[in-house]
Amino acid sequence: MAGIKVFGHPVSTATRRVLIALHEKELDFELVHIELRDGEHKKEPFLSRNPFGKIPAFEDGDFKLFESRAITQYIAHEYADKGNQLLSPGSKNMAILAMGMEIEAHEFDSVASKLGWEQIFKNFFGLTTDQTVVEEEEVKLAKVLDNYEARLGESKYLACDHFTLVDLHHIPVIQYLLGTPTKKLFDERPHVSAWVADITSRPSSQKILL
């Protein structure tokens, strides 16, 4: 069947990132379940969709793509006239948005995902949390959130005064961390706390919760 297909797993933060974007754009799609425990993402036919063996993969008719942040950007541009605006038009605004997405990927997610792995996903795979790693990564995350606190004191959202892909990309891992002791790092910073409450209460965010 033609149309939009997402090949992923509903607990995956990367898959959820794409699903939120699709919900924001009010688009119809099919989620094709890829079973991680069986290593389905490391075998054909999935490898024909992403040779690096990581979820999600994406199809929009004949167009194929992988890497969740590339997919969300495609969705935001291709369906700019649908649903909610996720971009910030203008060269300077787009540069700020691009900078924000880089910060999310390399400064925030690199740390937050380790905390999610230690406190959430290790249990999923029957492994034990390493509390030393948690403590080390929380120190790093606190520094990132200090910068976010300053930024959010000047702007309602991270890139500008409306919700964009920069904010969207943070949602999946934050949703998981709110169920762990790491939640305190968000709660201790009033601007960050208000931002987290805002973005995680969006209908698109709620739709991906199991």
Side-chain angles (χ1 to χ4, degrees), residues 11-21 23-24 67-70 72-73 76 84-122 129-209:
V11 305
S12 154
T13 56
T15 300
R16 288 184 172 194
R17 194 174 290 124
V18 172
L19 299 184
I20 294 172
H23 286 306
E24 285 285 338
E67 291 295 339
S68 64
R69 293 172 182 83
T72 62
Q73 290 181 68
N84 296 313
Q85 175 62 263
L86 299 176
L87 303 171
S88 187
S91 58
K92 291 180 180 178
N93 290 337
M94 284 302 296
I96 291 172
L97 189 144
M99 179 179 69
M101 289 191 290
E102 289 291 312
I103 292 168
E104 181 276 328
H106 300 295
E107 303 295 338
F108 176 84
D109 192 66
S110 61
V111 175
S113 287
K114 288 180 183 177
L115 287 164
W117 167 250
E118 287 294 337
Q119 298 177 95
I120 301 290
F121 292 105
K122 271 193 170 182
T129 297
D130 186 331
Q131 195 58 39
T132 299
V133 172
V134 170
E135 292 171 2
E136 291 173 349
E137 297 303 319
E138 283 190 338
V139 171
K140 297 175 185 177
L141 181 60
K143 292 179 180 178
V144 176
L145 294 181
D146 284 342
N147 286 312
Y148 281 16
E149 180 70 8
R151 172 62 178 166
L152 292 165
E154 302 171 351
S155 176
K156 184 176 181 181
Y157 297 99
L158 287 175
C160 58
D161 281 327
H162 74 266
F163 180 84
T164 68
L165 288 177
V166 177
D167 309 289
L168 185 156
H169 288 175
H170 288 79
I171 293 172
V173 70
I174 287 177
Q175 287 177 321
Y176 279 117
L177 292 181
L178 291 181
T180 74
T182 300
K183 179 179 183 290
K184 65 182 180 295
L185 298 182
F186 301 101
D187 293 343
E188 289 167 353
R189 295 162 175 82
H191 295 302
V192 169
S193 180
W195 170 73
V196 166
D198 183 314
I199 65 175
T200 58
S201 64
R202 293 178 71 85
S204 61
S205 303
Q206 293 297 307
K207 286 178 180 178
I208 65 167
L209 296 175

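Remark: Ile20 CD1 to Arg17 CZ distance equals 8.5 Å, nearest 0.5 Å. Annotation: the span from Tyr148 atom OH to Ile103 atom CD1 amounts to 6.5 Å, rounded to 0.5 Å. With values rounded to the nearest 0.5 angstrom, Arg69 atom CZ is found 9.0 Å from Glu102 atom CD. Between the CG atom in Asp167 and the OG1 atom in Thr200 there is a gap of 11.5 Å [rounded to 0.5 Å]. Going from atom CD1 of Ile174 over to atom OG1 of Thr182 covers 12.0 Å, rounded to the nearest 0.5 Å. In this structure, Tyr157 OH and Thr164 OG1 are separated by 10.0 Å, a value rounded to the nearest 0.5 Å.
Heavy atoms only, all atoms of each residue included: Thr72 and His169 are closest at OG1-NE2, 2.7 Å. Nearest heavy atom pair, residue Ala76 against residue Leu165, reads CB-CD1, 3.9 Å. Taking both residues in full, the closest heavy atoms of Lys114 and Ser110 are given as CG-O, 3.4 Å, listed atom of the first, atom of the second, then distance.
Put simply, the side chain of Glu149 gets close to the backbone of Val192: a donor and an acceptor are under 3.5 Å apart. The backbone N or O of Ala159 lies less than 3.5 Å from a partner atom in the side chain of Arg151, making a donor-acceptor pair. Counting only distance, with no hydrogens or angles, the side chain of Asp130 and the backbone of Glu118 share no donor-acceptor pair below 3.5 Å. Looking only at distances, no side-chain donor or acceptor of Asp198 sits under 3.5 Å from a matching main-chain atom of Ala194. Between the side chain of Ser205 and the backbone N or O of Ile199, at least one donor-acceptor pair lies under 3.5 Å. The backbone N or O of Leu87 sits less than 3.5 Å from a side-chain atom of His162, completing a donor-acceptor pair. Side chain of Ser68 to backbone of Thr15: no donor-acceptor contact under 3.5 angstrom is found. Within the 3.5 Å criterion, the main-chain N or O of Lys156 finds a donor-acceptor partner in the side chain of Asp161.
The aromatic rings of Phe108 and His170 sit tilted relative to each other, their planes meeting at an angle between 30° and 60°.
Contact of the Gln119 side chain with the Pro181 side chain is registered, since non-hydrogen atoms from C-beta on lie closer than 4.5 Å. Two residues are said to be in side-chain contact when any heavy atoms from C-beta on lie closer than 4.5 Å; Thr180 and Leu115 fail this criterion.
Salt bridge present: Arg202 and Glu24 bring a charged side-chain N and a carboxylate O closer than 4.0 Å.
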### Task
Would you check, one step at a time, whether the test side-chain contact (heavy atoms from CB on, under 4.5 Å) holds for Arg16 with Val173?
CA-CA 9 Å; Arg16 288 184 172 194; Val173 70; over 6 Å; no
### Message
Apply side-chain contact (heavy atoms from CB on, under 4.5 Å) to residues Ile208 and Gln175 and explain how you reach the verdict.
### Response
CA-CA 10 Å; Ile208 65 167; Gln175 287 177 321; 3.3 Å; yes
### Worked check of side-chain contact (heavy atoms from CB on, under 4.5 Å) between Thr13 and Tyr176
CA-CA 9 Å; Thr13 56; Tyr176 279 117; 3.7 Å; yes
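Under the salt bridge (charged side-chain N to carboxylate O under 4.0 Å, His left out) rule, Asp187 has a single partner from Lys183, Lys184, Arg189, which is Lys183.
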